[in-house]
S.K.: 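Have a look at the structure that comes next, please.
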There are 2 protein chains.
Amino acid sequence: MADRILLVEDEPSLYEALKLNLEIEGYNVTVAVDGEQAIEKFKSSHFQLIILDVMIPKIDGYVVCETIRLENSQVPIMFLSARNSAEDKINGLKTGADDYMSKPFNLEEFLLRVSLLVKRGHALTDTGTEDLNSFEFGGNKVDFSSFEISTWDGEVKSLSKREMKLLKLLIEKRGKVVSREEILQKIWGYDVFPSTRTIDNYILAYRKYFEENQRQPKYFFSVRGVGYKFEADSE
Amino acid sequence: MADRILLVEDEPSLYEALKLNLEIEGYNVTVAVDGEQAIEKFKSSHFQLIILDVMIPKIDGYVVCETIRLENSQVPIMFLSARNSAEDKINGLKTGADDYMSKPFNLEEFLLRVSLLVKRGHALTDTGTEDLNSFEFGGNKVDFSSFEISTWDGEVKSLSKREMKLLKLLIEKRGKVVSREEILQKIWGYDVFPSTRTIDNYILAYRKYFEENQRQPKYFFSVRGVGYKFEADSE
DNA sequence: TTGAAACTGTCATTATTCTGTAATTAATCA
DNA sequence: TGATTAATTACAGAATAATGACAGTTTCAA
């Protein structure tokens, strides 16, 4: 079965050239021309690799990358960027990319890196990578791939999609306050805006699951007027 | 336990700086100053990552890389090179490297790539690809080669191709939620998209075959908004 | 042509998510 | 310190969207 690649690039001459060459290599290529499309296509289908230009309309590449990582931590992501600066690369790698190429790039090198990443993806999903997607704090454990949690008092529960996604966001940003706006954007998207009560409900739920004393949280803090913060006890 | 890195580099000022920085990051670093030493040390010990300068005395980097790959080793290898030419990179990646950096490079980027590669190595070496011919859970047994199943209540049935393929996917990923998109892509391919009801039907069928109580499944769980998960009771 | 397998549509059934309101708590300022 | 204001907590339904169940239709291969 052909491997599928999502190519996110707004400049027609470039994406057509890349698409053509990738197809010659035997990949099945889907193109998205802006960040919104990218997220939409990512959600509606499954890919073995995502190639992501940083500078794209509507939602920039970094944010697209973060959004994707909230749902799926496995797909390899390759960044493309017009600039060759170290900060850009570092930024990209930190937001969860697996590789980075600066434009203009050599086609053969590009194709080689693509095939490495696709192969890696296979290796990862074949062997089952435990532990990369779970997180522990206190006596609690969150398993992102099975959507299950086990808590300090020995209970095992399964969380819903939203619960998991928001929890993941908080854990990834642990130690930092995440604003309500950011939460709304990252979890609910850019057009849907549920009432702000809704977020509280999720925090409430987390405290019920994980805190020994709900009224005096040790992990899930609210910061008045700003947002919420998750903090793990020890590292 | 600290991850071990084999650093192959002949220039003292460079390898000392890198060694120091890697050690600060918590790695255990072994240095080799030429190709011969590199191969020797590689053979006598196990590393999570090999960092390989191309231009080193006695045996050059490419050859060292090929030699290591001949041992059928999965260790991630990162090339360092003084030149930034595309041919060099291509050459390196073709001989089996996983990443490539040109000197002079940004230290932070270097350390980030190192940590990515080390993590990847862990994921790869975790479990060898299992290749199953049959699988048992509860009182049920699935035989993938004969397409037959026998169930807890003593029945023997044979499954259709699709049924088996999807069942195998779920079992291979047991314990993890498999998204509908992934199922569609892996079982049906990228051009055919049956209605999402279809997948439910297969799950339904599995529950009929294997579950004692269809309404309270013990093995085939659905995770709303995400996909399905198979879980075997004991291991 | 026949039968098994695969797919689709519909409606019933739930799990999940959202909203409104009241109670509580924290922050600010006189 | 106490009064005032603003934000958060806490529930309990209500609304929504996803899945379960099944019957009927199509497809494909023998």
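Letters go in sequence order (proteins before strands), and every chain restarts at 1. All values reported here derive from a predicted model rather than from experimental measurement.
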S.K.: For residues 105-116 of chain A, pull every pair meeting side chain to side chain donor-acceptor pair (under 3.5 Å), keeping only residues two or more places apart or in separate chains.
M.R.: D99(A)-R113(A), E108(A)-K94(B), E109(A)-R113(A), R113(A)-D99(B)
S.K.: Rounding to 10°, can you tell me the angle the first-five-pair axis of the helix from dT1(C)-dA30(D) to dA30(C)-dT1(D) makes with its last-five-pair axis?
M.R.: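 One end's axis against the other's: 40°.
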S.K.: Answer yes when R174(B) and E231(B) have at least one side-chain N-carboxylate O distance shorter than 4.0 Å, and no when they do not.
M.R.: no
S.K.: Any side-chain N or O of S160(A) below 4.0 angstrom from OP1/OP2 of dT17(C)?
M.R.: yes
S.K.: Which ones in residues 161-173 of chain A lie close to DNA chain D, meaning a heavy atom under 4.0 Å from one of its atoms?
M.R.: none
S.K.: Under 4.0 Å, heavy atoms only, any strand: does T198(B) hit a base, just the sugar-phosphate, or nothing?
M.R.: base
S.K.: According to side-chain contact (heavy atoms from CB on, under 4.5 Å), who are the partners of S150(A), at least two apart in sequence or on a separate chain?
M.R.: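 Residues passing side-chain contact (heavy atoms from CB on, under 4.5 Å) with S150(A): K141(A), V156(A).
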S.K.: Taking only nitrogen or oxygen atoms into account, show me every contact under 3.5 Å that the protein makes with nucleotides 28-30 of chain C, one pair per line with its distance.
M.R.:
none

S.K.: Which atom pairs link the protein and nucleotides 2-4 of chain D when you take only N or O atoms and keep those under 3.5 Å?
M.R.:
none

S.K.: Please list, chain by chain and in numerical order, all residues satisfying side-chain contact (heavy atoms from CB on, under 4.5 Å) with Q185(A), sequence neighbours excluded.
M.R.: Y190(A)
S.K.: What residue pairs, at least two apart or across chains, pass salt bridge (charged side-chain N to carboxylate O under 4.0 Å, His left out) with a residue in residues 212-224 of chain B?
M.R.: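 Of all non-adjacent pairs touching residues 212-224 of chain B, none passes salt bridge (charged side-chain N to carboxylate O under 4.0 Å, His left out).
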S.K.: For nucleotides 18-30 of chain D, give me one character per nucleotide, 5' to 3': B if any protein heavy atom sits under 4.0 Å from the base, S if the only such contacts are to the sugar-phosphate, - if neither.
M.R.: BBBBB--------
S.K.: Treating Q214(B) as the side-chain partner and K208(B) as the backbone partner, does any N or O pair qualify as donor plus acceptor under 3.5 Å?
M.R.: no
S.K.: The criterion is ring pair (Phe, Tyr, Trp, His ring centres under 6.0 Å); which residues satisfy it with F110(A), sequence neighbours excluded?
M.R.: F105(A)
S.K.: If the condition is side-chain contact (heavy atoms from CB on, under 4.5 Å), which residues does S158(B) pass it with, not counting sequence neighbours?
M.R.: E148(B)
S.K.: What pairs with R83(A) under side-chain contact (heavy atoms from CB on, under 4.5 Å), at least two apart in sequence or on another chain?
M.R.: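 Once residues adjacent in sequence are excluded, the partners of R83(A) under the side-chain contact (heavy atoms from CB on, under 4.5 Å) criterion are S81(A), S85(A), D88(A).
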